[in-house]
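See below for the structure under consideration.
Note that this is a predicted model, so its numbers are computed, not measured.
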Amino acid sequence: MTTFESSSVLTPADWISGPRQGQWTYAEYATLPDDGQRYEIMDGVLLMAPSPTPSHQTVVKWLTFYLTQCVDLAGLGTVFTAPLDIELAPNRVVQPDVFVLRSENLGMVTPNRVVGAPDLVIEVTSPGTAAYDRLKKLDAYAQAGISEYWIISPEMHTIEVLALYTDRYHSHGIFMDHDTLPSQLLPTLSVTVGQFFV
């Protein structure tokens, strides 16, 4: 068996036994043994994501901390973190780093995954995933109808906020340091961008 433990880039998981690439669905994905790796399906292609770095996990920790206060403790919904599968479509299964479901959408949570589009997804990029997050995932999230998408760069200490209008994302800008995010979904979030990168 081939392993890619040291890989720092998103890799098509061609060595995994199963359907041909391009034909994977959640049904086959759900039968994969737990090998400690993080997989997604994009347009039927099984992909293995690189392990997160310490800086990535630090950002995820602070995102979760502040968003939990703004969402869970305020009774607006629930904040989730990876690894947790979201089935956007049978041939699209993703694990965003952080995502939010508003209270009225918590019915999408099943015992083993979320089925449908969250209200907010957040991806913390790395050099090996940045293009995927900005192209393939952006398109998939827009097609699924996810109303807000944040793309975070731990290297640049920036957060781009994208909001869905009709069927396309429009950027509200790239924010840093003392900026407060202009989130339509979470208008009471008063944390400055720099607080996610301490």
Side-chain angles (χ1 to χ4, degrees), residues 10 40 42 49-50 52-53 55-86 88-89 92 94-106 108 114 116-198:
L10 195 71
E40 296 187 336
M42 186 58 66
T53 63
S55 64
H56 177 285
Q57 292 302 81
T58 298
V59 173
V60 168
K61 173 183 70 176
W62 288 114
L63 277 167
T64 305
F65 175 77
Y66 289 116
L67 290 177
T68 296
Q69 294 176 54
C70 180
V71 177
D72 295 70
L73 298 182
L76 300 178
T78 302
V79 177
F80 295 93
T81 60
L84 179 59
D85 295 326
I86 299 174
L88 297 176
R92 286 186 175 169
V94 294
Q95 292 187 5
D97 293 308
V98 180
F99 66 95
V100 173
L101 280 174
R102 293 181 61 93
S103 297
E104 61 267 26
N105 293 324
L106 289 174
M108 294 190 290
V114 172
D119 298 287
L120 166 66
V121 292
I122 304 170
E123 296 289 359
V124 181
T125 66
S126 68
T129 65
Y132 177 63
D133 293 335
R134 290 194 167 278
L135 298 171
K136 281 285 192 182
K137 275 197 167 176
L138 185 142
D139 287 344
Y141 292 160
Q143 289 173 20
I146 296 169
S147 60
E148 202 163 286
Y149 179 26
W150 299 359
I151 302 175
I152 300 181
S153 169
E155 293 78 22
M156 303 298 291
H157 288 197
T158 60
I159 302 178
E160 182 172 12
V161 175
L162 300 131
L164 192 68
Y165 293 99
T166 312
D167 59 351
R168 296 184 62 188
Y169 283 117
H170 296 273
S171 178
H172 283 290
I174 298 175
F175 303 91
M176 59 177 36
D177 298 331
H178 300 292
D179 295 334
T180 300
L181 298 177
S183 172
Q184 295 176 338
L185 186 72
L186 305 174
T188 61
L189 182 67
S190 59
V191 182
T192 61
V193 171
Q195 290 176 265
F196 296 120
F197 299 102
V198 295

- Item | Smallest separation among heavy atoms of Gly77 and Ser103, with atom names | N-OG, 3.3 Å

- Task: Say whether, by atom type as modelled, one donor and one acceptor occur between the side chain of Asp97 and the main chain of Val124 under 3.5 angstrom.
- Result: yes

- Message: Between Ser55 and Thr58, is the side chain to side chain donor-acceptor pair (under 3.5 Å) condition met? List the steps.
- Response: CA-CA 5 Å; Ser55 64; Thr58 298; over 6 Å; no

- Least distance between heavy atoms, Ala82 atom then Pro96 atom: CB-O, 3.2 Å

- Message: What verdict does the side-chain contact (heavy atoms from CB on, under 4.5 Å) test give for Phe197 and Val59, after you've listed the backbone C-alpha separation in whole Å, the side-chain angles of each residue and the deciding distance to 0.1 Å?
- Response: CA-CA 6 Å; Phe197 299 102; Val59 173; 3.7 Å; yes

- Would you say the side chain of Pro50 lies within less than 4.5 Å of the side chain of Thr129, judging by non-hydrogen atoms? yes

- Task: Might you work through the side-chain contact (heavy atoms from CB on, under 4.5 Å) test for Asp119 and Phe99, ending with a clear yes or no?
- Result: CA-CA 8 Å; Asp119 298 287; Phe99 66 95; over 6 Å; no

- Task: Side-chain contact test, heavy atoms from C-beta onward, threshold under 4.5 Å: evaluate it for Leu185 versus Arg102 and give yes or no.
- Result: yes

- For Leu63 and Ile122, run side-chain contact (heavy atoms from CB on, under 4.5 Å): C-alpha distance rounded to whole Å, both residues' side-chain angles, the deciding distance at 0.1 Å, then the answer. CA-CA 9 Å; Leu63 277 167; Ile122 304 170; 3.8 Å; yes

- Heavy-atom nearest pair, Leu186 first then Cys70, reads CB-SG, 4.2 Å

- Hey, is the main chain of Met176 close enough, under 3.5 Å, to the side chain of Thr158 for a donor-acceptor pair? no

- Query: Sub-3.5 Å donor-acceptor pair from the side chain of Ser183 to the main-chain atoms of Leu189, do we have one?
  - Reply: no

- Any pair with a residue in residues 59-84 that passes side-chain hydrogen bond (donor to acceptor under 3.5 Å, both in side chains), sequence neighbours left out, goes on the list, sorted by first then second residue, please. Tyr66-Gln195

- Message: Under the side-chain contact (heavy atoms from CB on, under 4.5 Å) test against Tyr141, which residue among Ile86, Leu162, Val94, Leu164 passes?
- Response: Val94

- Shortest non-hydrogen separation from Leu88 to Ala144 and the atoms involved: CD2-CB, 3.9 Å

- Query: So how far is it from Phe175 CZ to Thr192 OG1, rounded to the nearest 0.5 Å?
  - Reply: 13.0 Å

- Query: Heavy atoms, side chains only, cut-off 4.5 Å: are Ile152 and Phe196 in contact?
  - Reply: no

- Taking atom CE of Met156 as the centre, does the number of heavy atoms from other residues, nucleotides or ligands within less than 6.0 Å exceed 12? no

- Message: If we ignore hydrogens and angles and just use 3.5 Å, is the side chain of Thr125 paired with the main-chain N or O of Ala130 as donor and acceptor?
- Response: no

- Item | Distance in Å, Met42 CE paired with Tyr132 OH, rounded so as to fall on 0.5 Å steps | 3.5 Å

- Message: Other residues, nucleotides and ligands only: do more than 12 of their heavy atoms fall within 6.0 Å of NE2 on His178?
- Response: no

- Query: Roughly how far, to the nearest 0.5 Å, is CD1 of Ile159 from OG of Ser153?
  - Reply: 10.0 Å

- From CA spacing to verdict: side-chain contact (heavy atoms from CB on, under 4.5 Å), Leu138, Tyr149: CA-CA 8 Å; Leu138 185 142; Tyr149 179 26; 4.0 Å; yes

- Message: Checking the side chain of Thr53 only, and the main-chain atoms of His56 only, is there a donor and an acceptor separated by less than 3.5 Å?
- Response: yes

- Message: I'd like to know if the side chain of Asp177 reaches the main chain of Gly194, judged simply by a donor and an acceptor atom lying under 3.5 Å from each other, with no hydrogens or angles considered.
- Response: no

- Task: Output yes when a side-chain donor or acceptor of Glu40 lies under 3.5 Å from a complementary backbone atom of Gln95, and no otherwise.
- Result: yes

- Interatomic spacing from CG in Leu101 to CG in Leu120 - rounded to 0.5 Å: 10.0 Å

- Please answer whether the main-chain N or O of Gln184 pairs with a side-chain N or O of Glu148 as donor and acceptor at a distance below 3.5 Å. yes

- Note on the structure: salt bridge (charged side-chain N to carboxylate O under 4.0 Å, His left out) filter on Arg134, not counting sequence neighbours, yields Glu160

- Task: For residues Met108 and Ala117, report the shortest heavy-atom separation together with the two atoms involved.
- Result: CE-O, 3.1 Å

- Heavy atoms of Arg92 and Ala140 approach each other most closely as NH1-CA, 3.5 Å

